[in-house]
Amino acid sequence: MQAQLETFANTRSDLRIRKIELPRRGSEAGDQFQIRSIPHLVLFRGTDRVADGTPAVTAALNSL
């Protein structure tokens, strides 16, 4: 999935992909962003969270 996202981002100058590694369940970052499964995608527009979860983010990206 990472390669697909990077390929998609390379075709769009307005997109950036960031990967965050979570070391274990119950990590501070996982708790802060309410991540309950891996992989977990979150889509932001500026600072606004516009889609959360792999299916929602995939649908939002496909509609661009």
Tell me whether the count of non-hydrogen atoms from other residues, nucleotides or ligands lying under 6.0 Å of CZ in Arg45 goes above 12. no
Contact summary for Leu5 and Ile17, nearest pair of heavy atoms: O-CG1, 3.8 Å
What one should report as the nearest heavy-atom pair of Asp14 and Arg12 is OD2-NH2, 2.7 Å
Does one hydrophobic cluster hold both Leu41 and Val50, with members joined at side-chain heavy-atom distances below 4.5 Å? yes
Between atom CG of Asp48 and atom CG of Leu43, what is the distance when rounded to the nearest 0.5 Å? 10.5 Å
Shortest non-hydrogen contact between Leu61 and Leu15, atoms and distance: CD2-CD1, 4.5 Å
Would you name the heavy atoms of Ala60 and Ala51 that are closest together and state the gap between them? CB-CB, 4.3 Å
